Number of protein chains: 2
Amino acid sequence: MVSKLERTGDVPIIISTRQGVPVSSANSLAVEDLGSAAQRDRRKRILDATIALASQGGFDAVQMRAVAERADVALGTLYRYFPSKIHLLVSALQREFERTETLLRDKPVDGDTTAERVINVLKRTTRGMQSDPKLTEALTRAFMFADSSVQAEIHQVGMLLTSMLTRVMRPEAHDELTEEDVAIAKVIGDVWLSALVGWVTGRNSAAETGQQIEVAVKLLLRD
Amino acid sequence: MVSKLERTGDVPIIISTRQGVPVSSANSLAVEDLGSAAQRDRRKRILDATIALASQGGFDAVQMRAVAERADVALGTLYRYFPSKIHLLVSALQREFERTETLLRDKPVDGDTTAERVINVLKRTTRGMQSDPKLTEALTRAFMFADSSVQAEIHQVGMLLTSMLTRVMRPEAHDELTEEDVAIAKVIGDVWLSALVGWVTGRNSAAETGQQIEVAVKLLLRD
DNA sequence: CGGACAATTGGAACGTGTTCCTATTTTATC
DNA sequence: GATAAAATAGGAACACGTTCCAATTGTCCG
């Protein structure tokens, strides 16, 4: 439906206000929604606490009371920033993803063919996630469990993933993406997510996860 | 890893006993685990209640107390049959899936090319699921949220899906599946699941979901 | 049939996500 | 700097998944 990806750096459009606060399309308070430095800091502390707890004990260890305490914030405040545990975790995922994406943007990906480059990027990312299994479990499960109220945040992440892939697929002419390029990137993103879920739930080993992705990419990018 | 799919009719291997009851590889009590007709009937009532509630109000409406009451069973009994809400819903999914699979087995799928047949089957199935959005939401979300304790049940469903696809891909010589056939089927299954999740969470319209699948299948089965 | 053991019932109790309320602190406006 | 509005703190309360237990019912073996 979208032939051109929005740039990831775009400023979200303000579509409504909540309690006087302009709210971007996402339901969680995004950084741009936050006025004061203290608020930005609170938001950061909350996400830091979330990731620390997730990294240590996975999805179940991310308990709202624990997050609030660790972030030195009242429970009500936590809920003002993130309306649910899922919103919180998906927002954390988004931040992590943005981090990896900017890291990736600098380092050129080696590989002669498109398929090789995509595989390299995905394997690198996957390896990164597998180095912190609990965190990955927490973030992945939140992402997959999210219902329509988290639509906006999910969409952000999905777009980040797709744009990450298309950038690797067409490093030179990223502007001239065809519909098919984007479609392929989406399919690959889907497979990657499924593979990740399989790994997180213990259905697939790390090796199998890698293979699964490799097979899919080779099938999809054989030209 | 598995070059040949197990047949779906296989009797599960008994690997342990629980409270004197032999338990198949799944953690939920499967039909084969149940001795008396009364027990099979209880199990059926529970799954019926689950599906009725899910169909009416989705994931959130499947409340364990409500299921127990509707199935005319004590809460403790419900938990004896299905150790968690997720187990319950994934088992319901499994039953539904088996039903559609047997329905499908009879009706021949039309379409000249492999791709066409696969697309037809998936679209048909997808349409069926979309006709009961709440139920689909409940079952899909449970499936994606399941953690490793539901591994066995999840595996069953995954295999059912893969075998459904390979049967359509190779209607004649289903015995001579190549590694690649199975790999492709798995990838398609992954994409289908992701598309379904996207639809369930309101990210994709029904039309987009169909297109997404079509694109993936055409890319994967272009020979 | 009687007795042992498993299954079921009915319901209390606990944990964690979520909501809600009041008092206090911070921020914005003049 | 004073005051109104918004944000935060602190914590009680509620909902639902889950666990647990005592009493009852069902099942099977001698």
Side-chain angles (χ1 to χ4, degrees), chain A residues 17-23 27-29 33-46 49-50 53-54 57-90 138 141-142 145-147 149-150, chain B residues 17-23 27-29 33-46 49-50 53-54 57-90 138 141-142 145-147 149-150:
Chain A
T17 61
R18 182 166 74 227
Q19 295 173 305
V21 178
V23 161
N27 287 314
S28 313
L29 259 38
D33 300 326
L34 266 28
S36 77
Q39 284 176 319
R40 268 190 291 277
D41 191 58
R42 261 190 212 97
R43 192 189 133 96
K44 178 179 182 316
R45 286 206 312 273
I46 291 173
T50 303
L53 289 169
F59 187 87
D60 291 339
V62 181
Q63 301 183 357
M64 299 306 269
R65 291 173 178 83
V67 171
E69 191 179 356
R70 180 153 190 156
D72 204 27
V73 139
L75 192 55
T77 305
L78 172 52
Y79 273 95
R80 229 186 76 84
Y81 280 70
F82 302 96
S84 79
K85 174 170 173 171
I86 300 293
H87 283 86
L88 173 60
L89 281 166
V90 173
R141 286 184 64 207
F145 190 58
D147 66 0
S149 75
V150 204
Chain B
T17 61
R18 182 165 73 227
Q19 294 173 305
V21 178
V23 161
N27 286 315
S28 313
L29 259 38
D33 300 327
L34 265 28
S36 78
Q39 284 177 320
R40 266 190 293 278
D41 190 58
R42 261 190 213 96
R43 192 189 132 97
K44 179 178 181 318
R45 286 205 312 273
I46 291 173
T50 303
L53 289 169
F59 186 88
D60 291 338
V62 180
Q63 300 184 359
M64 299 306 270
R65 288 174 238 266
V67 172
E69 193 178 355
R70 180 154 191 156
D72 204 27
V73 138
L75 191 55
T77 306
L78 172 52
Y79 273 95
R80 229 186 76 85
Y81 280 70
F82 302 97
S84 80
K85 174 170 174 171
I86 301 293
H87 283 86
L88 173 60
L89 281 166
V90 174
R141 286 183 65 206
F145 190 59
D147 67 359
S149 75
V150 203

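Lettering of chains follows the sequences in order, A, B, ..., and the numbering in each one begins at 1. Just so we're clear, the structure is a prediction, and the values are computed from it rather than from any experiment. Just so it is clear, the values below take in all heavy atoms, side chains as well, and ignore hydrogens, waters and symmetry mates.
In this structure, B:Phe59 and A:Phe145 have perpendicular ring planes: the angle between them is above 60°, well past the 30° mark.
In this entry the distance linking CZ of B:Arg45 with C1' of C:dT8 reads 11 Å, nearest Å. One atom, CG of A:Leu88, and another, C1' of C:dT16, lie 14 Å apart when rounded to the nearest Å. Across the protein-nucleic acid pair, B:Ile46 atom CD1 and C:dA7 atom P stand 14 Å apart, rounded to whole Å. One atom, CG of A:Asp147, and another, C1' of C:dT18, lie 14 Å apart when rounded to the nearest Å. Note: CD (A:Glu69) to C1' (D:dT8) measures 16 Å, nearest angstrom. Rounded to an integer number of Å, the gap from OH of B:Tyr81 to C1' of C:dA6 is 11 Å. Straight-line distance from the CG atom of A:Leu89 to the P atom of C:dG17: 10 Å, rounded to whole Å. A straight line from NZ of A:Lys85 to P of D:dC16 spans 18 Å, rounded to a whole angstrom.
An OP1 or OP2 oxygen of D:dA7 is reached within less than 4.0 angstrom by no side-chain nitrogen or oxygen of A:Thr77.
If you take NZ on B:Lys85 and CG on B:Leu78, they are separated by 11.5 Å, rounding to the nearest 0.5 Å. Put simply, CG on A:Asp60 and CZ on A:Arg141 are 6.0 Å apart, with the number rounded to the nearest 0.5 Å.
B:Ile86 and B:Ala142 make their closest contact through CG2-O, 3.7 Å (heavy atoms, listed as atom of the first residue, atom of the second, distance). Closest heavy-atom contact between B:Gly58 and B:Ala138: C-CB, 3.8 Å.
Comparing D:dT8, C:dT18, D:dG17 by their closest approach to the side chain of A:Gln39 singles out D:dT8. Checking C:dA7, D:dA9, D:dA7 against the side-chain heavy atoms of B:Arg80 singles out C:dA7 as nearest.
Within residues 60-67 of chain A, the residues approached by DNA chain D to less than 4.0 Å at the level of any non-hydrogen atom are A:Arg65, in residue-number order.
For B:Ala66, the side-chain contact (heavy atoms from CB on, under 4.5 Å) test picks out B:Leu53, B:Gln63, with sequence neighbours left out. With sequence neighbours excluded, the residues forming a side-chain contact (heavy atoms from CB on, under 4.5 Å) with A:Thr77 are A:Arg42, A:Val73, A:Ala74, A:Tyr81, listed by chain and number. In this structure B:Tyr79 satisfies the side-chain contact (heavy atoms from CB on, under 4.5 Å) test together with B:Met64, B:Leu75, sequence neighbours excluded. Not a single side-chain hydrogen bond (donor to acceptor under 3.5 Å, both in side chains) links A:Arg70 to another residue, sequence neighbours left out.
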Go along nucleotides 19-30 of chain D 5' to 3' and tag each nucleotide: B for a protein heavy atom under 4.0 Å from its base, S when only backbone or sugar atoms are that close, - otherwise. B-----------
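Closest-nucleotide positions on DNA chain D for B:Ile86 and A:Asp72 were compared, and the one nearer the 5' end corresponds to A:Asp72.
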